[in-house]
Amino acid sequence: MVDALIAGGHALRQEVVDAFREEPRHVYVPRFTRRRRVEDGSWVSEEVDRRHPDWLDEVYRDQVLLTSTWPSMSSSTVPSLMADMLDALDVRRGMTVTEIGTGTGYNAGLLGRLVGDENVLSIDVAPELVFDARAALEATGHGEITVVCGDGGSDSVVKPDSTDRLIATCGVNRLPAAWRRAVHPGGLIVVPLGAGIAVLDVDKEHGVQGRFLSTGAYFMSLRPADGAPLMRRPDDPKGPAEPCAMPVTAWEDSEFTFLVSLWLSPDEVLTDASSPGVLTLWHRDGSIATVTVEGIARQAGPRRLADLLGRLWGDYQAHGHPSRSAYRIAVAPDGTRAVSVECTGGEWLFPPYAG
């Protein structure tokens, strides 16, 4: 697995390579759920554990493994993405690191290899995940890593000025203020923001600025301690049929959907392509739009999603289809966010989160 990471351009720092070679992923993933296509063409879910002949081979592939289902949804992240994030975190022995989203504990174990177990604090909101992760970390010799059950977005759990680095293995739409305040000035935050990975420098006022890695990222969202309501799909729109400037095929362009995730946020917008030739999008505020392959849209709710996305698609094309790595983001000490794109014809400034 590690040889494949290196061949693919991941694990660029030797310390990260060594950590992956030393840390046994299989201890953290004694079982997982996978989907498999059967003879009639349908898909079934099955649990794979130590008794299954494929278990070890699948654990050491570069793939995400679903380790826990609702309500404590959790997975073991794709190792190549973990390596990219650990490279970007730029840690050295003796630095303190706070991890938001313990999950299986595998990433915490890797961090322990990089900075020393006594310097790692890992936080997860799910008690059952914390229990299992502690057991796995003990089994792999990381008993000094501190694993806390709590709300990883809270100042009461993530203490101000408490760490040199912060890494999140859960997705957020907007950077929690507690994370900015937690990191010492001059430190770094590596976080899944929208559908990308942001690498952010922290200034002396606890504002941040930085860039995005070129890779895409789709993490489970940060959950508050009291849980979050499920997002109900609104009824299909009954409004008039109108032309839409965004084609259905735009949703196959991962760089465009990344842009949408910065504007509308990935856990606020859901999609449904179950009807052939129709893309359905809906927002937590009750807005919904359908777009057909013929370019016809219907929309309803407080936000005209089809119009908004059509306008965004036009801007994206006009600015040369910029990739993730062209984006820059800054969050001021008061939480004000600005996003810019280095693109054809200069810099493109566009409105931050829409809503």
How long is the straight-line distance from [atom2] of [Y] back to [atom1] of [X], given to the nearest 0.5 Å?
X: N119; Y: T98; atom1: CG; atom2: OG1; result: 10.5 Å
X: Q209; Y: S340; atom1: CD; atom2: OG; result: 11.5 Å
X: E15; Y: D87; atom1: CD; atom2: CG; result: 9.0 Å
X: L312; Y: L262; atom1: CG; atom2: CG; result: 9.5 Å
X: D54; Y: R61; atom1: CG; atom2: CZ; result: 7.0 Å
X: Q63; Y: S76; atom1: CD; atom2: OG; result: 9.5 Å

[X] and [Y]: which non-hydrogen atoms are nearest, and at how many Å?
X: P185; Y: K204; result: CB-CA, 3.6 Å
X: R21; Y: I6; result: NH2-CD1, 3.8 Å
X: R113; Y: P24; result: NH2-CD, 4.4 Å
X: W55; Y: D49; result: CB-O, 3.0 Å
X: G103; Y: D124; result: N-OD2, 3.0 Å
X: V158; Y: A182; result: CG1-CB, 3.4 Å

May I ask you to decide if [Y]'s main-chain N or O and [X]'s side chain share a donor-acceptor pair within less than 3.5 Å?
X: R298; Y: P237; value: no
X: R180; Y: V208; value: no
X: R303; Y: S287; value: no
X: Y327; Y: A198; value: no
X: R324; Y: A195; value: yes
X: D164; Y: G187; value: no
X: T290; Y: T280; value: no
X: R51; Y: V48; value: no

Any non-hydrogen side-chain atom of [X] less than 4.5 Å from a side-chain atom of [Y]?
X: V16; Y: L5; answer: no
X: R328; Y: E347; answer: no
X: V190; Y: R165; answer: no
X: L89; Y: L111; answer: yes
X: V291; Y: W251; answer: no
X: H10; Y: V78; answer: no
X: T140; Y: E138; answer: no
X: R25; Y: L65; answer: yes

Can you list the residues that meet the ring pair (Phe, Tyr, Trp, His ring centres under 6.0 Å) rule with F256, with sequence neighbours excluded?
W313, Y316
Under the criterion side chain to side chain contact (heavy atoms under 4.5 Å, CB included), I'd like the reasoning laid out for L114 against V120: C-alpha separation, chi angles, the key distance, then a yes or no.
CA-CA 10 Å; L114 291 168; V120 179; over 6 Å; no
Looking only at side chains, do H52 and E58 share a donor and an acceptor under 3.5 Å apart?
no
Does one hydrophobic cluster hold both [X] and [Y], with members joined at side-chain heavy-atom distances below 4.5 Å?
X: V29; Y: L56; value: yes
X: L308; Y: I296; value: no
X: M1; Y: L110; value: yes
X: V2; Y: L12; value: no

Partner set under salt bridge (Lys or Arg N to Asp or Glu O under 4.0 Å) for E46, not counting sequence neighbours
R34, R36
Taking only residues two or more places apart in sequence, or in another chain, which ones meet R211 in a salt bridge (Lys or Arg N to Asp or Glu O under 4.0 Å)?
none
Please assess N107 against T77 for the test side chain to side chain contact (heavy atoms under 4.5 Å, CB included), listing each intermediate value before the final yes or no.
CA-CA 9 Å; N107 197 61; T77 304; over 6 Å; no
Atom pairs and distances, donor-acceptor, side-chain atoms in residues 239-248, under 3.5 Å, two or more places apart:
| unit_1 | atom_1 | unit_2 | atom_2 | d |
| --- | --- | --- | --- | --- |
| E242 | OE1 | Q299 | NE2 | 3.2 |
| E242 | OE1 | R304 | NH2 | 3.0 |
| E242 | OE2 | R304 | NH2 | 3.0 |

For I197 and L81, what are the C-alpha separation, side-chain angles and deciding distance, and is it a side chain to side chain contact (heavy atoms under 4.5 Å, CB included)?
CA-CA 9 Å; I197 300 294; L81 180 55; 4.1 Å; yes
Set out, in order, the CA-CA distance, both residues' side-chain angles and the distance that settles side chain to side chain contact (heavy atoms under 4.5 Å, CB included) for C170 and I100, then state yes or no.
CA-CA 7 Å; C170 52; I100 310 297; 3.9 Å; yes
Any pair counted as ring-ring contact (aromatic ring centres under 6.0 Å, His included), so long as it reaches residues 82-116, sequence neighbours left out:
Y28-Y106
Enumerate the residue pairs fulfilling ring-ring contact (aromatic ring centres under 6.0 Å, His included) with a member in residues 195-216, sequence neighbours excluded, ordered by first and then second residue.
F212-F258
